[in-house]
Structures are given as C-alpha cells and as structure tokens.
J.: 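Okay, here's the structure, questions in a sec.
Quick note: numbers below take in every heavy atom, side chains included, and nothing from hydrogens, waters or symmetry partners. Protein chains get the first letters and strands the later ones, always in sequence-line order, with residue 1 at the start of each.
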There are 2 protein chains.
Amino acid sequence: MQKTDPIRILVADDHPVVRAGLVALVDRRPDMTVVAEASNGQELLDQFLLHRPDVALVDLRMPEMDGADAIAAIRERAPGARVIVLTTYDDDEDIQRSLRAGAKAYMLKDAARDDLLAAIKAVHEGRTLIPPAIATKLAESIGAPTLTARELEVLALVADGKSNREIATLLFITEGTVKSHLSTMLGKLDASDRTQAVTIALKRGLLRL
Amino acid sequence: MQKTDPIRILVADDHPVVRAGLVALVDRRPDMTVVAEASNGQELLDQFLLHRPDVALVDLRMPEMDGADAIAAIRERAPGARVIVLTTYDDDEDIQRSLRAGAKAYMLKDAARDDLLAAIKAVHEGRTLIPPAIATKLAESIGAPTLTARELEVLALVADGKSNREIATLLFITEGTVKSHLSTMLGKLDASDRTQAVTIALKRGLLRL
DNA sequence: ACGCAAACCCACCCGCCGGCGGATGTGCCA
DNA sequence: TGGCACATCCGCCGGCGGGTGGGTTTGCGT
C-alpha cells in the first residue's frame with residue numbers, strides 16, 4: 001500500500017494551550033489529522049460517537065466527567081475504540097484506572113514529540129504501548145494493596161484534621177472502629193503514622209486535597 | 001504608527017507538548033513571533049541573555065533551576081525584563097514567589113487563548129496583569145502567616161511520618177522543642193492536628209510531597 | 001453446605017501528641 | 001540603650017492515638 005488515508009484523531013484536554021500543542025504537533029504530519037476536539041469528559045463522549053476517530057488522545061483530569069469514566073463510557077458503546085491517555089502525573093491509581101477502563105497507551109505530558117507520534121501510530125496499528133518508566137511504576141504497584149471504600153472515607157476525614165472521636169460521630173460508628181480501620185490502613189500503606197498514611201495516599205493518587 | 005515590529009517572545013516549559021502549543025498559538029499571530037525556546041531554568045537564563053526577547057513565557061515547575069529562581073536571576077542582569085508566569089497550579093506560595101521575583105503577569109494554563117494573547121500584549125506595553133481569580137487568591141493569602149525555615153524543616157519530617165522524638169534526634173534538639181514548633185505551626189495554619197497542618201501546607205504550596 | 005477470606009465492627013492498655021507556661025538569644029528602631 | 005518582636009529552645013500534664021485481640025456479616029469458590 002503506497003497511499004493510505006491519514007489517521008483521524010480526537011484531542012481531549014481542558015487546557016486550551018495543550019490542545020493547541022497537540023493539534024499543532026499532529027497536523028504537521030501528513031499522515032495524521034485532528035478531526036475533533038473536546039474540553040471535558042462529556043464533550044469527549046459526544047464528539048467520539050459523532051466522529052468515530054481512529055485514535056483519541058485524552059487527558060485524565062477534566063471537568064464535567066473524569067477522563068477514565070469517559071473512556072469507560074466510550075468503550076461500552078464502541079468496544080474497538082483506541083484511546084491514548086495523556087496526563088501530567090504518574091499516580092499509580094490513575095494509571096491503573098485508565099488501563100482498566102480500556103486505554104491502549106499511557107503517556108506523560110513531558111514525553112518527547114517523537115515518542116508521542118510513535119505512540120499514536122502504534123496504537124492505530126492495534127498495538128498497546130506503555131513506556132518503560134510507567135511500566136515499572138505499574139509493576140511496583142501490583143503488590144500494592146487496595147483500600148476499601150470505608151477506609152478511604154475515614155482517611156479523607158483524617159486528612160481534614162478530624163480526631164478519631166469526631167470521625168466516629170460523623171460516620172455513626174465507635175471510636176474503636178475508626179482506630180481499627182486506621183490500623184489496617186497503616187499496615188496496608190506501610191505507614192508509621194496517620195499523617196504518613198495521608199501523604200502516602202496522596203502520592204499514590206488514592207486521595208485528593 | 002501603522003506598522004511595528006512583531007513582539008519577540010521566549011517560551012520556557014519542560015513539556016514539549018505545551019511548548020508546541022504556545023508556539024503554535026503565538027506564531028499564528030502576525031504581530032508576535034517566538035525567537036527562542038527553553039526546557040529548563042538554566043536554558044531559560046542562557047536563552048534570555050542571548051536573545052533579549054520582549055516578553056518571556058515561563059513555567060514555574062522546571063528541572064535544573066526553578067522557574068522563580070530563574071526569573072530572579074534574569075531580572076538581576078536585565079532589570080527591565082518582562083516575564084509572564086504560566087503555570088498549572090494556583091498555589092499561594094508559587095504566586096507570591098514569582099511576583100516577588102519580578103514577574104509581570106501570572107496566568108493559569110487553563111486560560112483561554114485570547115486571554116493569554118491579551119496578557120502578552122499588555123505586558124509588552126509595560127502593564128502588569130493578574131487575573132481576578134488569582135488576585136483574590138492573593139488577597140486571601142495576604143493575612144496568611146509565614147512559616148520559618150526551621151518550622152518547615154520540622155513539618156517536612158512530620159509529613160514523612162516521623163515521631164516528635166525521631167525529629168528531635170534528627171535535628172539535634174529536644175522533643176519538647178519539636179512540640180513547641182509544631183504548636184506554633186498549628187496556630188499559624190489554624191490546624192487542629194499535625195496531619196491537617198501537613199495537608200494545609202500542601203494546599204498552600206509550602207510543602208511538596 | 002461448608003470453609004474461608006475480607007470488610008466492618010468493638011474494647012482495653014500504654015505511649016506519644018499537643019496545650020500551657022516559661023526561658024534564652026537576636027535584630028530592629030526609637 | 002532600653003524596649004519590642006520573633007525565632008528557638010525547654011518541661012510538665014491530660015487526653016488522644018495506635019497496637020492487640022477478638023466478634024459479626026457478606027460473598028465467593030468447591
């Protein structure tokens with residue numbers, strides 16, 4: 001095949017500057033073209049279903065609808081959709097969530113131009129692609145335990161400076177129970193302290209300020 | 001004056017994608033042109049002194065040399081330099097540091113294209129410009145107290161899950177002294193707890209994970 | 001149906017955190 | 001040179017945090 005149609009791409013990011021950068025990068029290439037843009041998760045879903053692009057570049061942190069949720073929603077109605085996650089952070093949690101949602105590649109925004117373009121081509125050809133740095137991150141977090149919904153609820157209140165007694169009344173349980181949840185979390189996160197538990201959870205993206 | 005030279009601009013950001021976006025945005029305008037790029041603070045300083053652009057767009061979070069430090073270094077050798085800070089976050093600390101360093105404008109990366117271009121023109125004409133959202137942030141933080149170097153040192157160890165006794169030995173002081181520092185910080189930050197002290201400091205950008 | 005793991009719940013004991021009062025040293029300005 | 005503000009330093013005491021050991025329910029696999 002000597003002449004094929006260009007790869008049709010959808011760009012989704014809430015920062016106008018970043019969108020402009022991606023569009024500029026892509027449109028310079030003759031074998032790629034941007035067919036649509038979106039600035040939040042809802043738009044992303046709508047635009048995807050409307051244009052059916054070959055590849056979608058999406059940021060995870062977006063208003064209206066979270067990037068990972070949007071990806072899941074897309075792949076529910078278009079199982080073959082090829083999505084590349086492009087984000088600023090390398091939180092374990094974000095990576096896992098987006099890959100579970102069905103993303104084909106995970107790139108950081110500080111990636112070089114060529115790496116990004118290569119990723120687009122690779123994903124378009126049906127391959128999946130995770131950079132080595134991310135892959136090791138992922139491998140590390142395999143053994144990492146997961147917190148239950150209740151535990152996260154407790155931890156969020158801890159981060160807010162609430163005492164065990166306050167948390168207990170807020171959640172309609174006993175102070176002893178709160179301590180128990182906290183204790184298991186200290187074990188899971190390998191933290192020596194409620195404070196360190198919070199900072200570790202923040203590092204891993206389990207918690208947001 | 002009907003025809004003037006285009007505004008000469010320097011773009012500094014460690015993300016290639018963002019640089020591409022800014023370049024694309026600016027070069028589309030006939031009255032502006034990008035004369036140089038930099039991907040870290042050191043390059044920024046070198047490129048600025050080499051090209052002497054009319055306006056510099058710089059990201060704060062950069063390797064090698066912090067954006068604010070680079071700005072300070074630039075303005076030391078070129079007092080008239082006009083710098084626009086362009087960042088992802090709206091930490092009180094970052095805002096204040098960069099403005100103290102001599103930045104003429106502070107914009108967030110989620111700003112609209114037109115706002116950004118308007119800011120460039122405004123700064124080039126000698127005006128300074130802070131968006132209302134940032135201005136209120138700044139106003140709020142005026143009354144906010146500042147932590148001493150020693151206090152920050154203690155707080156960083158607290159965030160690491162160290163106990164008061166451990167911190168004491170690490171800093172060659174008594175446990176009582178550590179508690180004292182902590183106590184004054186709780187007052188300054190209006191925190192009820194060492195944990196909340198850490199999260200508040202993180203929110204304000206006084207501390208990094 | 002059984003075993004089993006995991007989530008959620010609880011009570012008791014000891015040690016550490018945080019509040020309080022107070023001491024010393026340093027820089028600044030009248 | 002006194003006075004003031006602030007950073008740094010210290011000890012005592014009550015109350016909260018975290019470890020330990022254990023109980024109940026839900027869901028899952030065989």
J.: Return all side-chain donor-acceptor pairs below 3.5 angstrom for residues 98-113 of chain A, not counting sequence neighbours, or 'none' if the list is empty.
T.:
| unit_1 | atom_1 | unit_2 | atom_2 | d |
| --- | --- | --- | --- | --- |
| A:Ser98 | OG | A:Asp94 | O | 2.9 |
| A:Ser98 | OG | A:Ile95 | O | 2.9 |
| A:Tyr106 | OH | A:Tyr89 | O | 3.3 |
| A:Lys109 | NZ | A:Asp13 | OD2 | 3.1 |

J.: In whole angstrom, what separates B:Leu182's CG from C:dG19's P?
T.: 8 Å
J.: Between P on D:dC16 and CG on A:Asp193, what's the gap in Å once rounded to a whole number?
T.: 18 Å
J.: Rounded to whole angstrom units, what separation is found between the CZ atom of B:Arg194 and the C1' atom of C:dC17?
T.: 6 Å
J.: Identify all side-chain donor-acceptor contacts of residues 46-53 of chain B below 3.5 Å with residues at least two apart in sequence or on another chain.
T.:
| unit_1 | atom_1 | unit_2 | atom_2 | d |
| --- | --- | --- | --- | --- |
| B:Asp46 | OD1 | B:Gln42 | NE2 | 3.4 |
| B:Gln47 | OE1 | B:His51 | ND1 | 3.4 |
| B:His51 | ND1 | B:Gln47 | O | 3.3 |

J.: Figure out the CZ/C1' separation between B:Arg165 and C:dC17, and round it to whole Å.
T.: 11 Å
J.: Whole-Å distance between C:dG19 P and B:Met185 CE?
T.: 12 Å
J.: Counting side-chain heavy atoms from C-beta on, which of D:dC16, D:dT20, C:dG18 comes nearest to A:Ser163?
T.: D:dC16
J.: Taking side-chain contact (heavy atoms from CB on, under 4.5 Å) as the test, write out the residues that go with A:Val23, two or more places apart.
T.: A:Asp27, A:Val34, A:Glu37
J.: In this structure, how many angstroms lie between the P atom of D:dC16 and the NZ atom of A:Lys162, rounded?
T.: 16 Å
J.: Calculate the interatomic distance between B:Leu157 atom CG and C:dC17 atom P; express it in whole Å.
T.: 13 Å
J.: If the condition is side-chain contact (heavy atoms from CB on, under 4.5 Å), which residues does B:Lys179 pass it with, not counting sequence neighbours?
T.: B:Asn164, B:Glu175
J.: Could I get a table of every N or O pair under 3.5 Å where one atom is in the protein and the other is in nucleotides 7-10 of chain D?
T.:
| unit_1 | atom_1 | unit_2 | atom_2 | d |
| --- | --- | --- | --- | --- |
| D:dT8 | OP2 | B:Thr148 | OG1 | 2.6 |
| D:dC9 | OP1 | B:Arg150 | NH2 | 3.4 |
| D:dC9 | OP2 | B:Arg150 | NE | 3.4 |
| D:dC9 | OP2 | B:His181 | NE2 | 3.1 |
| D:dC9 | N4 | B:Ser180 | OG | 2.7 |
| D:dC10 | OP1 | B:Thr174 | OG1 | 3.1 |
| D:dC10 | OP2 | B:Thr174 | N | 2.7 |
| D:dC10 | OP2 | B:Thr174 | OG1 | 2.4 |
| D:dC10 | OP2 | B:Thr177 | OG1 | 2.8 |
| D:dC10 | O5' | B:Thr174 | OG1 | 2.6 |
| D:dC10 | N4 | B:Ser180 | OG | 3.3 |

J.: Please enumerate all residues that pass side-chain contact (heavy atoms from CB on, under 4.5 Å) together with A:Glu93, with sequence neighbours excluded.
T.: A:Arg97, A:Leu206
J.: Under the side-chain contact (heavy atoms from CB on, under 4.5 Å) criterion, do B:Asp91 and B:Arg204 qualify, and how do the steps go?
T.: CA-CA 5 Å; B:Asp91 295 358; B:Arg204 298 205 186 159; over 6 Å; no
J.: Ignoring backbone atoms, test whether A:Asn164 places a side-chain nitrogen or oxygen under 4.0 Å from the OP1 or OP2 oxygen of D:dC16.
T.: no
J.: Could you tell me how far apart B:Gln196 (CD) and D:dG17 (P) are, to the nearest whole angstrom?
T.: 13 Å
